[in-house]
Amino acid sequence: MPNTIIVGAQWGDEGKGKIVDFLTEDTDIVVRAQGGNNAGHTVIHDNKKYVLHLIPSGILWPEKKCVIGNGVVIDPISLLEEFDNLQQQGIEITPENLVISNRAHLTLSYHRVLDSYRESGLGGKKIGTTGRGIGPTYIDKAERSGIRMADLIDQGKLSEKIISKVDKANSVLQGSEAETIDSNEIIDQIKTAAERLKPFVTETTTYLHEQIIAGKSLLFEGAQGTYLDIDHGTYPFVTSSNTTAGGACTGSGVSPRSIDNVTAVAKAYTTRVGSGPFITENQEFSDRMHGMGREFGATTGRKRRCGWFDAVLVRHACRLNGADHLALTNVDGLDGIDTIKICTSYELKGETIHTPPANSEDWDLCTPIYEEMAGWVDQITAGAPDIATMPEKAKAYLDRLSELCETPIRIVGVGPDRKETLLRD
Ligand code: IMP
């Protein structure tokens with residue numbers, strides 16, 4: 001298979017984990033290149049459910065290799081919990097099937113405390129973060145004071161660095177309700193973690209270059225989605241990494257020249273967790289999804305906000321990521337709806353616009369311009385064995401979305417299982 005980047009075309013939770021799992025069969029190595037354990041990828045594999053946060057979903061395949069690249073931020077304690085949970089489910093994790101970059105930054109408990117503290121200070125303007133310390137870890141990275149995997153393994157100046165970071169965090173927290181952080185506790189905890197993680201840590205960029213030369217194929221598993229990108233998303237309601245296709249290269253050290261294909265993943269409707277603009281959000285639609293037991297976050301269990309498909313967002317995401325194809329997931333979530341709406345443009349201050357605005361003030365003034373299509377009420381798509389047997393109206397919906405997004409839909413999801421992933425010509 002060509003070297004492929006998988007990105008989310010909306011606000012994350014598009015079902016990328018499932019698409020990655022589907023494509024892994026034909027790939028050799030699955031790579032994570034950004035984000036941290038804010039991500040939650042649910043994969044149903046051989047009738048068992050796995051929730052992955054930091055470990056690429058390729059781990060579920062015995063023959064495949066997985067890489068956690070330099071752009072990922074790693075909470076070592078949470079990573080080891082993920083090891084243990086997967087091992088309890090019968091998945092072996094060894095340095096043969098997982099390698100971790102020595103340049104990846106560490107998320108430690110003080111980052112989580114600072115994350116909550118910052119959020120509590122934002123009052124009504126909360127980002128609605130996952131509370132996993134992701135923002136503060138990337139702040140340290142950009143401030144050039146972060147602690148990396150290489151420091152954890154070397155241990156030489158690890159304690160010194162942690163004491164200095166904790167002192168700084170405690171001075172920020174002074175006078176607040178947050179508990180004071182104890183550096184000795186962190187040092188003890190992570191020294192034990194370091195022993196377990198040591199065999200996995202390596203120079204993953206060189207490893208990946210060698211694998212490319214040996215003719216192996218790579219699959220980059222994007223985390224979050226285009227509109228959570230720190231540059232291109234609905235700033236400031238975004239995460240702290242580049243979730244768009246370029247982030248796969250900077251976050252792994254693999255050159256853009258080595259990338260052959262970009263697949264953007266979108267849901268057949270739209271969801272988002274956390275705060276921020278969401279033009280097509282619809283309460284009735286959200287209630288319907290939650291009533292069906294759908295759309296609860298894999299990481300925090302929060303109810304996702306839900307709404308109609310926004311073609312303004314997905315078209316722009318396809319351009320921005322250079323998407324060769326779209327994978328459209330959760331089409332079965334629309335089964336039984338009479339009339340389906342698609343947002344084709346926005347109205348902003350009396351003008352029709354076709355690309356997302358930059359400012360949150362403008363986002364607040366945008367209203368959706370919809371077109372409507374007849375839904376499929378007599379026949380469901382759930383469990384359809386192939387595209388041909390899907391209801392005609394569902395096929396018409398796929399054609400229209402493809403046209404509006406100026407990108408062919410090649411993969412269609414009609415249920416959570418890998419078998420419910422259909423290929424479309
Ligand atoms: P953070 O990444 O925890 O700092 O959160 C920033 C924003 O990104 C919040 O709105 C989160 O809900 C959102 N976010 C982070 N990770 C994910 C994800 O994997 N799926 C969906 N939303 C996410």
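Order of appearance sets the numbers: ligands from 1, and atoms from 1 within every ligand. We use all heavy atoms of the structure for the numbers below, so side chains are in, but hydrogens, waters and symmetry mates are not. By convention here, the first residue in the shown sequence is residue 1.
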Taking the six-membered ring for Trp, are the ring centroids of Y235 and W363 within less than 6.0 Å of each other?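 Ring centroids of Y235 and W363 are no less than 6.0 Å from each other.
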
Consider ligand 1: state whether an atom of it lies below 4.0 angstrom from any non-hydrogen atom of [X].
X: D115; answer: no
X: R132; answer: no
X: W11; answer: yes
X: R302; answer: yes

Any N/O pair T130/ligand 1 closer than 3.5 Å: yes

Does any N/O atom on R272 come nearer than 3.5 Å to any N/O atom on ligand 1? no

Please state which protein non-hydrogen atom is closest to [atom] and give its distance, to 0.1 Å?
atom: atom 17 (C) of ligand 1; answer: Q224 CG, 3.5 Å
atom: atom 5 (O) of ligand 1; answer: T129 CA, 3.3 Å
atom: atom 7 (C) of ligand 1; answer: V238 O, 3.8 Å
atom: atom 21 (C) of ligand 1; answer: D13 OD2, 3.2 Å

Shortest non-hydrogen contact between P236 and S360, atoms and distance: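 Scanning both residues, the minimum pair turns out to be CD-OG, 3.9 Å.
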
Taking the side chain as every heavy atom from C-beta outward, state whether H41 and E221 have any atom pair closer than 4.5 Å.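 Sidechains of E221 and H41: in contact.
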
Look at the rings of W11 and F278 and say which category their plane angle falls in: under 30° parallel, 30 to 60° tilted, over 60° perpendicular.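 Judged by the thresholds at 30° and 60°, the geometry between W11 and F278 is tilted.
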
Using a strict cut-off of 4.0 Å, indicate which atoms of ligand 1 neighbour a heavy atom of V273.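 So the atoms of ligand 1 that pass are 10 (O), 12 (O), 21 (C), 22 (N).
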
I need the single residue from V30, I19, I59, V43 that forms a side-chain contact (heavy atoms from CB on, under 4.5 Å) with T24. Which is it? V30

Pair D335, T381: side-chain N/O donor-acceptor within cut-off below 3.5 Å: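 Yes, side-chain donor-acceptor contact under 3.5 Å.
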
Testing W308, Y269, W376 for ring pair (Phe, Tyr, Trp, His ring centres under 6.0 Å) with Y397, which one passes? W376

Where the closest heavy atom to [atom] is concerned, which of [options] has it?
atom: atom 14 (N) of ligand 1; options: L228, T239, N38; result: L228
atom: atom 19 (O) of ligand 1; options: G133, P236, A39; result: A39
atom: atom 9 (C) of ligand 1; options: G276, G128, G40, G131; result: G128

More than 12 heavy atoms of other residues, nucleotides or ligands under 6.0 Å from CD of E143: yes or no?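 Buried by this count: over 12 neighbours within 6.0 Å.
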
Is the shortest distance from a Lys or Arg side-chain nitrogen in R305 or E295 to a carboxylate oxygen in the other one below 4.0 Å?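 No, this pair does not count.
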
